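A quick note: this is a predicted structure, and the numbers were derived from the prediction, not measured. The first residue of the sequence shown is numbered 1, and numbering continues consecutively from there.
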Amino acid sequence: MEKNLFENARDAVNRFTQRGGRQSAASQQDMEAARQAIQSAYSQCSQQEKQQLQQLEQQMEAHHNNLQ
């Protein structure tokens, strides 16, 4: 079975947040991919999943801020 958009978003955020070290072009690409995946998922998910997507966005932003 193909992954749904919510799972894709969660995986993209995990890829971004699991990257160690300083900010690089690759982590910037991971962050942009995660943002796009989250936006895509919003259109096709339940209210509970939307709340989880908001938490993923916050997690991603906190990680991004820690890299700076």
Side-chain angles (χ1 to χ4, degrees):
M1 178 188 281
E2 189 175 323
K3 286 187 184 182
N4 69 30
L5 294 174
F6 175 78
E7 290 170 334
N8 288 340
R10 186 181 57 211
D11 291 347
V13 171
N14 285 335
R15 276 192 301 278
F16 173 66
T17 58
Q18 297 303 313
R19 237 182 235 283
R22 65 186 186 282
Q23 187 136 2
S24 66
S27 65
Q28 283 288 82
Q29 289 173 345
D30 287 340
M31 184 173 176
E32 186 58 33
R35 282 185 175 152
Q36 290 176 0
I38 288 170
Q39 292 306 310
S40 295
Y42 269 118
S43 65
Q44 296 182 0
C45 64
S46 68
Q47 187 60 36
Q48 181 181 8
E49 288 172 328
K50 285 181 183 180
Q51 291 173 341
Q52 292 175 13
L53 288 171
Q54 290 172 344
Q55 291 172 348
L56 288 173
E57 284 180 306
Q58 292 170 355
Q59 176 185 351
M60 186 177 65
E61 289 301 322
H63 182 74
H64 174 69
N65 291 336
N66 287 338
L67 290 176
Q68 294 182 344

If we only count heavy atoms from C-beta on, is the Glu57 to Gln39 side-chain gap below 4.5 Å?
yes
Measure the CG-OG1 distance between Leu56 and Thr17 for me, rounded to the nearest 0.5 Å.
9.0 Å
Please tell me if the side chains of Gln52 and Arg10 come closer than 4.5 Å, counting only heavy atoms from C-beta onward.
no
Side-chain (Glu7) to main-chain (Asn4) donor-acceptor, under 3.5 angstrom
yes
Taking every non-hydrogen atom, the tightest pair across Ala12 and Ala37
CB-CB, 4.2 Å
Hydrophobic cluster membership, with links at side-chain heavy-atom distances under 4.5 Å among I/L/V/M/F/W/Y: are Leu5 and Val13 in one?
no
Below 4.5 Å, heavy atoms only, C-beta onward: do Phe16 and Gln59 meet side chain to side chain?
no
CD (Glu61) and CE (Met31) are apart, to the nearest 0.5 Å, by 4.0 Å
With side chains defined as the heavy atoms from C-beta onward, is the minimum distance between Gln18 and His63 less than 4.5 Å?
no
Report the distance from atom CD of Gln48 to atom CD of Gln51, rounding to the nearest 0.5 Å.
7.0 Å
Cys45 side chain near Leu53 side chain, heavy-atom distance below 4.5 Å:
yes
Please report the shortest heavy-atom distance between Asp30 and Arg15, naming the atom on each side.
OD2-O, 4.1 Å
As an exercise, state the distance from OG of Ser43 to NZ of Lys50, rounded to the nearest 0.5 Å.
8.5 Å
